[in-house]
Amino acid sequence: MQTMRILQLHCDYIEFTPIRKEIKSAEEIDPAKMRLEEVVVAFVAVEEGDNSDVARRAIGEISQSMQKIGCNRLLLYPYAHLSSKLASPSTALSLIKEMQSLADGLEVHRAPFGWTKSYQLQVKGHPLAENSKTIMAGDEKESTSEALKAESKIQSYWHIMTPDGKMHDVGKFDFSKYKNLEVLAKYEAAKKRSVDEPPPHVKLMKKLAIADYEPASDAGNMRFFPNGRLIKSLIERYVTERVIEYGGFEVETPIMYDSHHPSMESYFNRFPARQYNVNSEGKHLFLRFAACFGQFLMAKDFHMSYKNLPLRLYELTRYSFRREQSGELVGLRRLRAFTMPDCHAMCKDMEQAKEEFRKRFDLSRSVIRGLGLDEADFEMAIRFTEEFYHENKALIEELVGKLGKPVLVEMWKERFFYFVLKWEFNYVDSLGKASALSTDQIDVENGKRYNIEFIDEENKPRFPIILHNSPSGAIERVMYVLLEKAAKDQKEGRKPSLPLWLAPTQVRVIPVRPEFMSFCEKLVDGLSQKDIRADLDDRNESVGKSIRDAETEWIRYIIVIGDKEVNAAKLSIRDRKSGTVKEWTADELVSEIKMETHGMPFFKLNMSRFVSKRPQIMV
RNA sequence: GCUUCGAUAGCUCAGCCUGGUAGAGCGUUACCUUGGUAAGGUAAAGGUCGCGGGAUCGAAUCCCGCUCGAAGCUCCA
């Protein structure tokens, strides 16, 4: 929650002397003693997320109360100690200056910002002399509290549903064969989640030069090195291709929206305010936290008949932004800026929505498998209102039956969210943290909210039912899962690796002596022309060292080139997966790789093909 | 916000308890080595030990304050 905190005191006098600068960005002023009499002193703490709007209303409230007590002189006194969630000094200073300039008809003074000051004041003894105010940021005030209030009223009933459609009490279910499901159930139902070590993928993402924290940005905004960018691009492309195959139409929508747009204002009632805010030319904008609004606003402007439905709009949002609390940001698991494939399907009625919902359930499962993730690593949770369950038991039982293992059920007495049914796949990592990946929802509310209409069979306008699906979940989170899986392999004594289609380098060529370099280059070129990511270790290192380095980079195929290979058709190809050296021709290697990466997207090597030319990114 | 941990070479870290103005490995550079499936050798360059203060003849090391970072908690419709 964002507020500006103000302690207001009506004083006979105040005297203050700036002593020394407390922060670097303190104002440059002449540190002279200052005395004011018959003055209202407003101690002001500007908090995170405060904006011009807050400043305007704060000064409004102050001048209103000053009128009541008949005082016309105001001292704005920056006072950080009123809050624990301070805004940055530059924001705070500019907002306090803004308050000063907005105070029409008052004599306003301002104590210097960023200085330790000694002060003395005498407060008057009348009832209105002391007053504290908390100014909330505009729309968020009501929406946040309303959303949170309503949220706390939700009554959830937790169960386990087995593939035969039977519901079991969570407390009595035998989890002995379903350890991860037990973790998820505890995680969700009991909200118990205590861990004291960093997740293993954080080390791996740095070591493999995939991604890193960017200290110059906000927390949770990562930078991706060439390797990471390549992996991300490939996953993005894969998911996009699969959604288009299913029937989605790819669109692109803005990343920021006007909070005062009528559709947004009511949408905010459904969300606790946790977005980045941007002020521009008097507009209060926020960065999107999902692709929903963009696609809804687009669909609203479409002329649609029932014959056009289901209409599937898809966007891969780079980025969506959610200002999660700093403490909950860990590696790639949870970010403030993330890439989210988001596909909405507008359906003409519940029958069509259910049919579409089934399709997308299959799509999501297949995408997850395609990404190299095993369904055994996932636990499904399905959530619905009691009413929906009684009317649509068959659908729910069908989905659970299809998955073929018990799932966690959350049933709500009443509908609070915009959806009546939702499922998601959760990955449970080695530390017992559960993270959602794929998800789909049946939304019965936003068609109307966004005034999306279609003309039905009777030539009447109607609002569609909207499905919200992310077949893979956030791309960064997919990377997190792949790395966590690899870390688990490593811990259990297996070789960690990425799927071959995602490997930044698929084939490394190592010459025994520099004289074989040109042969190696030709080999690398030949492989590259066949759309294989191959590179050449041209450093002056021993063969042993070069192989070791290739191993630590998790490179699948290593080809050592010496006299033998230059003079024969066969190559010595080390396959990291089996740990054996194979005698193959280049063509045999190509078809082997093609077979394993069949149907997956390809991008060219995203680094110099000469290892010696690469900057060192991490140890 | 709370709890814990950390800040020393480009990177990863040791040294701190028991004070005597800096060490290793990796990386980089040069030279030697011409190698056959997980680390060839030698050498060089490279650091106001996060900032400020205190006690001490003397501080990376002890004490106090601060800043920044990380992880965990809270949170995660």
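Residue numbers begin at 1 in each chain, while the letters A, B, ... track the order of the sequences.
Salt-bridge formation is not detected for the pair Glu588(A)/Lys582(A): no Lys NZ or Arg NE/NH1/NH2 atom is positioned less than 4.0 Å from an Asp or Glu carboxylate oxygen. We find that Asp575(A) and Arg556(A) are joined by a salt bridge, their nearest charged nitrogen and carboxylate oxygen being less than 4.0 Å apart.
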Applying salt bridge (Lys or Arg N to Asp or Glu O under 4.0 Å) to Glu484(A) and Lys488(A), what does each step give before you reach the verdict? CA-CA 6 Å; Glu484(A) 285 291 330; Lys488(A) 198 170 158 199; over 6 Å; no
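Glu565(A) comes within contact range of at least one nucleobase, with a heavy-atom separation under 4.0 Å. Counting non-hydrogen atoms under 4.0 angstrom, Ser435(A) reaches nothing in the nucleic acid. Nucleic acid contact class of Asp563(A) (heavy atoms, under 4.0 Å, all strands): base. As judged by a 4.0 angstrom heavy-atom cut-off over every strand, Lys203(A) is placed among residues making no nucleic acid contact. Across all strands, Ile547(A) comes closer than 4.0 Å to base atoms (heavy-atom distances). Counting non-hydrogen atoms under 4.0 angstrom, Gly562(A) reaches a base of the nucleic acid.
Under the 3.5 Å distance criterion, with hydrogens and angles disregarded, no donor-acceptor pair is assigned to the side chains of Tyr157(A) and Glu386(A).
OP1 or OP2 of rG35(B) has not a single side-chain nitrogen or oxygen of Lys564(A) nearer than 4.0 Å. Ser542(A) has a side-chain polar atom (N or O) that falls below the 4.0 Å cut-off from OP1 or OP2 of rG40(B). Contact annotation: Arg574(A) does not reach the phosphate of rG36(B) (side-chain N/O to OP1 or OP2, under 4.0 Å). The shortest distance between the side-chain N/O atoms of Lys433(A) and the OP1/OP2 oxygens of rC75(B) is not below 4.0 Å.
Taking CG of Leu408(A) as the reference point, atom CG of Asn180(A) lies at 12.5 Å (rounded to 0.5 Å).
Take the nearest nucleotide of RNA chain B for Val543(A) and for Arg333(A): the residue whose nucleotide is more 5' is Val543(A). For Val512(A) and Lys545(A), each mapped to the nucleotide of RNA chain B holding its nearest heavy atom, the one lying further toward the 5' end belongs to Lys545(A).
Base pairing in RNA chain B gives the following stems of 3 or more Watson-Crick or G-U pairs, range against range and under 3.5 Å: B:1-7 with B:67-73, B:10-13 with B:23-26, B:28-32 with B:40-44, B:50-54 with B:62-66.
Here the separation of rC49(B) from rA9(B), taken at their C1' atoms, is 10 Å to the nearest Å. Across rA60(B) and rC17(B), the matching C1' atoms stand 14 Å from one another, rounded to whole Å. Nucleotides rU21(B) and rG25(B) are separated by 24 Å at their C1' atoms, to the nearest Å. Comparing the same atom, P, in rG20(B) and in rU61(B) gives a spacing of 11 Å after rounding to whole Å. Between rG15(B) and rA22(B), the two C1' atoms lie 8 Å apart (nearest whole Å).
Taking 4.5 Å as the limit, some side-chain heavy atom of Arg508(A) sits within range of a side-chain heavy atom of Asp535(A).
Spacing between atom CD1 of Ile555(A) and atom P of rU37(B) amounts to 18 Å, rounded to whole angstrom units.
Remark: Phe516(A) pairs with no residue by the ring-ring contact (aromatic ring centres under 6.0 Å, His included) rule, at least two apart or across chains.
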